[in-house]
Each structure stands twice: as C-alpha cells, then as structure tokens.
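Down below is the structure, laid out as structure tokens.
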Amino acid sequence: MAIYIYIYIYNYHHLIHNQFLSFTFLSPLSMPKPYYSLFAVFIILVTCHAQTDSNTSAACASSNCGNISIGYPFWKKSDTNVGEFCGYPEFGLECSDDQAIIKFPTDTYQVADINYDVRSITLLDIDVLDQPCPRARHNVSLQNLPLSFSSLDLNLSFYFNCSSYPASVEHIKCMQQHDKNQSYVFLAGDEVKNGYGWVRQCDEHVVVTVKQEEIDGTNLITGFGDAMKKGFVLDWVSAKDCAACEDSDGYCRYNHTTKQSSCLCRDGRTVAKSCKKGTL
Ligand SMILES: *[C@@H]1O[C@H](CO)[C@@H](O)[C@H](O)[C@H]1NC(C)=O
Ligand SMILES: *[C@@H]1O[C@H](CO)[C@@H](O)[C@H](O)[C@H]1NC(C)=O
Ligand SMILES: *[C@@H]1O[C@H](CO)[C@@H](O)[C@H](O)[C@H]1NC(C)=O
Ligand SMILES: *[C@@H]1O[C@H](CO)[C@@H](O)[C@H](O)[C@H]1NC(C)=O
Ligand SMILES: *[C@@H]1O[C@H](CO)[C@@H](O)[C@H](O)[C@H]1NC(C)=O
Ligand SMILES: *[C@@H]1O[C@H](CO)[C@@H](O)[C@H](O)[C@H]1NC(C)=O
Ligand SMILES: *[C@@H]1O[C@H](CO)[C@@H](O)[C@H](O)[C@H]1NC(C)=O
C-alpha cells in the first residue's frame, strides 16, 4: 500500500507539473479501511495512465524562469539546442537573470505572468520599466501572432511633443521640457471629445495598453506611469497549424530546420496533424 501511495504521489506531482490534469487529492489516511482496495485500483489506473503519458511529458516538460513557469505553448529558448520544441514558434522565451523575455517583431517584453487556465499572458514593456516618467516608444503590434487583447485591458492614447494645444487640457508635467512643447495622455477615444487636431500638432501618437484595474480616470496624468509598470494582458488562441493537434489532445511541435509543425501524441507517436484515430 505504501508503495502505491508513493507511486501515486509521484505521478500526481509529475502530472500536475505538466498541467495534464488537476484534481483534489483525497488523503488516504482519512479513508475508511474498506475503501483501501478501491483506492489501490484507482492508483493503478492513474499509474498506468501516467506511464503512457511519460514520453510526451518528458518531451514537452515545462521549466521555470524565476517566478514564471514556462510550459506549452511557450518554451524556453535555452532548452532547445535540439532544433525542435513543443510550442508555438513565436512563443519562445529567453530567460536572463531570472526574467522571462518574449520578443515580438517590433518590441521586447518582460513576461510578468502566464495563466494556463484562462490562457493569458501579462507583459511589461522593457523600455518603460525603470523610468519614473515612462515615454512609450511603440504601439503594441500583434500582427499575425496567435494573441489578442484581453477584455481586462484599456488603451491610453499619448501625444508627444505637441507644439500647439488647447490651454484647457492638462498636460503631462513630468514630460515638460524647457521649450513650449507639451505632451498629453487620454483614455483612448477621449481625445476626440474636445475636437482638437492632436495628430497634426504633435510629433508622435502612441497607443499604450494597460490593465483597466490600474487606471483611475481621475489621476491619469500622474498615474499612467505606475499603470504601465503593471503591464497588460493578452489572450492566446490555438496557432492555426496546431488546432487539429491540440483538439486531439496532442502537443504541437515545431522543427526549426524544416519550419514544419508536427503533433506529439500522448502515446508517444509523432504524427503530422492530429492524434485522432483514422487521421494522420
Ligand atoms: C516573484 O514574484 C514576487 C511577487 O509576485 C515578486 O515580488 C518578485 O520580484 C518576483 N521575482 C522575480 C525574480 O521576478
Ligand atoms: C527536423 O527535421 C529534419 C528533416 O526532416 C530532421 O532531419 C531532424 O531530425 C528534425 N529535428 C529533430 C530534432 O527532430
Ligand atoms: C486597444 O488597441 C488595440 C490596437 O489598436 C485594439 O485592438 C484593442 O481592441 C484596444 N483595446 C481596447 C480595450 O479598446
Ligand atoms: C520632444 O522632442 C525633443 C527633440 O526632438 C526630444 O528630445 C524629446 O525627448 C521629445 N519629448 C518627448 C516627450 O517625446
Ligand atoms: C516640438 O514639437 C515639434 C513637433 O510637434 C518638433 O518638430 C520640435 O522639434 C519640438 N521642439 C523641441 C525643442 O523639442
Ligand atoms: C499608433 O497607433 C495609432 C492608431 O491606433 C496611430 O495613429 C499612430 O500613428 C501609431 N503610432 C506609431 C508610433 O506607430
Ligand atoms: C515512447 O516513444 C517511442 C517512440 O518514440 C515508442 O516506441 C514507445 O512505445 C513510447 N513509449 C510509451 C510508453 O508510449
């Protein structure tokens, strides 16, 4: 019995680690004796199940970077000398000084959190992290990445270096320099309310995404910096090439050399698209 419990606990951790399944662990000690044999059968089932999974879990194991658990569909770049990895090609994370970093075509972000249950990722713009009065450089550009903005987000609209402006609108004091140019921030969309042609009068217009909960509409001018340092949330969806594989309970793999994805099934098979019987 003790051996079974050991095996059970071992596999339990093993499985949780790989996010295959999660269930509440019922302590065997609190169990009435007659249920012991039933429990043993259950353990054997779980154990057998875990054994067939062992190939896949080893091949697609998650790893840590500081606080961040990097698991499918994300992968750690340093783990992939082999030239093939489980996950989406654009979701490779670099880990340096215990900080997980993701590079998009136009910008680099620090990963503050990955939530595998709701499939969301919280990102911080590296450019703004150490700045007391952060000046955003880029719009967030998701292009063709399998990512979308979360409903937890809100956009701020910045206008930098405006040479002319209505006197009634409050400017960002920490960005004021010695000349007469001023910079402004609005909840995106609000700038049209005063009917002013901001785009024409200002050097640059940048839209910054932040978390709604970090913004208090009354202190935008002083509060935007702290909000930007909390980052913003993106949801991920199945990558186009991986949907059939994931639907069949497999892990999508990507080969750097061939630039092709394949599907790693729970029984250890590697197939082209889907692990479902009757398909390839
Ligand atoms: C880990 O998370 C805690 C709180 O969530 C944070 O204070 C700490 O800085 C994080 N550590 C790293 C290395 O990111
Ligand atoms: C990637 O694909 C090439 C060509 O099919 C193959 O030779 C190579 O072994 C693959 N890489 C891995 C790590 O499987
Ligand atoms: C923020 O801007 C992006 C890019 O323009 C847009 O896709 C997204 O829907 C906006 N988010 C909100 C909450 O308006
Ligand atoms: C305004 O323009 C000047 C000169 O190009 C530049 O040094 C400064 O950083 C700009 N300010 C902002 C807030 O973009
Ligand atoms: C003020 O802003 C204008 C654009 O709106 C820019 O051409 C000019 O260089 C700025 N002046 C300074 C001193 O930053
Ligand atoms: C950012 O996006 C806005 C519209 O959403 C656009 O007007 C502006 O030119 C963009 N800024 C940059 C720096 O690309
Ligand atoms: C593990 O994978 C290999 C081929 O990659 C296969 O021959 C073997 O049967 C698999 N083992 C299990 C337990 O599925």
Side-chain angles (χ1 to χ4, degrees), residues 55-56 58-61 72 75-89 92 104-109 123 125-128 130-143 145 147-149 153-165 169-193 195-210 220-222 224-225 228 232 234 241-242 245 250-265 268-273 280:
N55 266 351
T56 328
C60 297
Y72 186 85
W75 47 282
K76 200 162 153 183
K77 284 193 169 165
S78 59
D79 287 351
T80 55
N81 308 327
V82 287
E84 194 170 48
F85 53 82
C86 289
Y88 303 160
F104 289 170
T106 56
D107 215 353
T108 299
Y109 298 93
L123 301 179
D125 186 348
I126 296 249
D127 294 343
V128 312
D130 303 319
Q131 294 186 41
C133 183
R135 198 295 200 190
R137 297 281 157 192
H138 309 275
N139 287 344
V140 184
S141 172
L142 300 180
Q143 296 184 353
L145 297 170
L147 289 165
S148 61
F149 290 96
D153 292 332
L154 168 153
N155 288 332
L156 302 179
S157 195
F158 284 90
Y159 294 87
F160 298 111
N161 261 336
C162 306
S163 48
S164 162
Y165 32 83
V169 181
E170 200 184 345
H171 66 270
I172 303 173
K173 290 180 193 60
C174 62
M175 281 181 193
Q176 183 161 25
Q177 286 170 321
H178 301 294
D179 59 331
K180 76 184 250 303
N181 280 3
Q182 305 284 27
S183 297
Y184 294 84
V185 59
F186 303 92
L187 294 176
D190 278 6
E191 66 265 45
V192 300
K193 282 186 188 158
Y196 193 72
W198 294 100
V199 170
R200 259 182 300 114
Q201 303 301 335
C202 308
D203 217 13
E204 210 175 3
H205 175 206
V206 177
V207 177
V208 170
T209 307
V210 293
L220 196 53
I221 300 289
T222 51
F224 73 88
M228 283 167 73
F232 62 98
L234 297 174
D241 288 346
C242 296
C245 173
Y251 287 102
C252 204
R253 299 227 288 173
Y254 185 82
N255 183 320
H256 267 308
T257 315
T258 58
K259 307 225 180 303
Q260 294 261 313
S261 58
S262 58
C263 186
L264 179 62
C265 306
R269 287 179 302 147
T270 297
V271 295
K273 290 274 177 229
L280 282 175

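As the structure lists them, so they are numbered: ligands from 1, and atoms in each ligand from 1.
Between Glu84 and ligand 2, at least one pair of N/O atoms sits closer than 3.5 Å. The shortest N or O to N or O distance between Arg137 and ligand 6 is not below 3.5 Å.
Looking only at heavy atoms of the protein, atom 13 (C) of ligand 6 is closest to Glu204 OE2, 3.6 Å. If you check which protein heavy atom lies closest to atom 11 (N) of ligand 6, you get His205 O, 2.7 Å. In terms of protein heavy-atom proximity, atom 14 (O) of ligand 6 is nearest to Asn139 ND2, 3.4 Å. With hydrogens left out, the protein atom closest to atom 5 (O) of ligand 6 is Val207 CG2, 3.7 Å, a heavy atom. Among all protein heavy atoms, the one lying closest to atom 4 (C) of ligand 4 is Asn161 ND2, 4.4 Å.
At least one donor-acceptor pair under 3.5 Å links the side chain of Asn255 to the backbone N or O of Thr257. The backbone N or O of Gly197 lies less than 3.5 Å from no partner atom in the side chain of Gln201, so there is not a single donor-acceptor pair.
Residues Leu123 and Phe104 have side chains in contact (heavy-atom distance under 4.5 Å, counting atoms from C-beta outward). A heavy-atom distance below 4.5 Å is found between the side chains of Glu84 and Ser262. Side-chain contact between Pro134 and Phe158: absent, with no pair of heavy atoms (C-beta onward) separated by less than 4.5 Å.
Using a 4.0 Å cut-off to heavy atoms of Phe160, the atoms of ligand 4 that qualify are 13 (C), 14 (O). Heavy-atom proximity to Thr258, at under 4.0 Å, picks out these atoms of ligand 2: 2 (O), 3 (C), 4 (C), 5 (O). For ligand 4, the atoms closer than 4.0 angstrom to any heavy atom of Ser183 are 13 (C). With ligand atoms numbered from 1 in the order given, ligand 4 contributes 12 (C), 14 (O) to contacts under 4.0 Å with heavy atoms of Arg135.
The aromatic ring centroids of Phe85 and Tyr254 lie less than 6.0 Å from each other. Taking the six-membered ring wherever Trp is involved, the centroid distance between the rings of Trp198 and Phe186 falls below 6.0 Å.
Classified by interplanar angle (parallel below 30°, tilted 30° to 60°, perpendicular above 60°), the ring pair Tyr184/Tyr165 is tilted.
Using a 4.0 Å cut-off between heavy atoms, His138 makes no contact with ligand 6 at all. Contact annotation: for Gln177 versus ligand 4, heavy atoms closer than 4.0 Å belong to the side chain alone.
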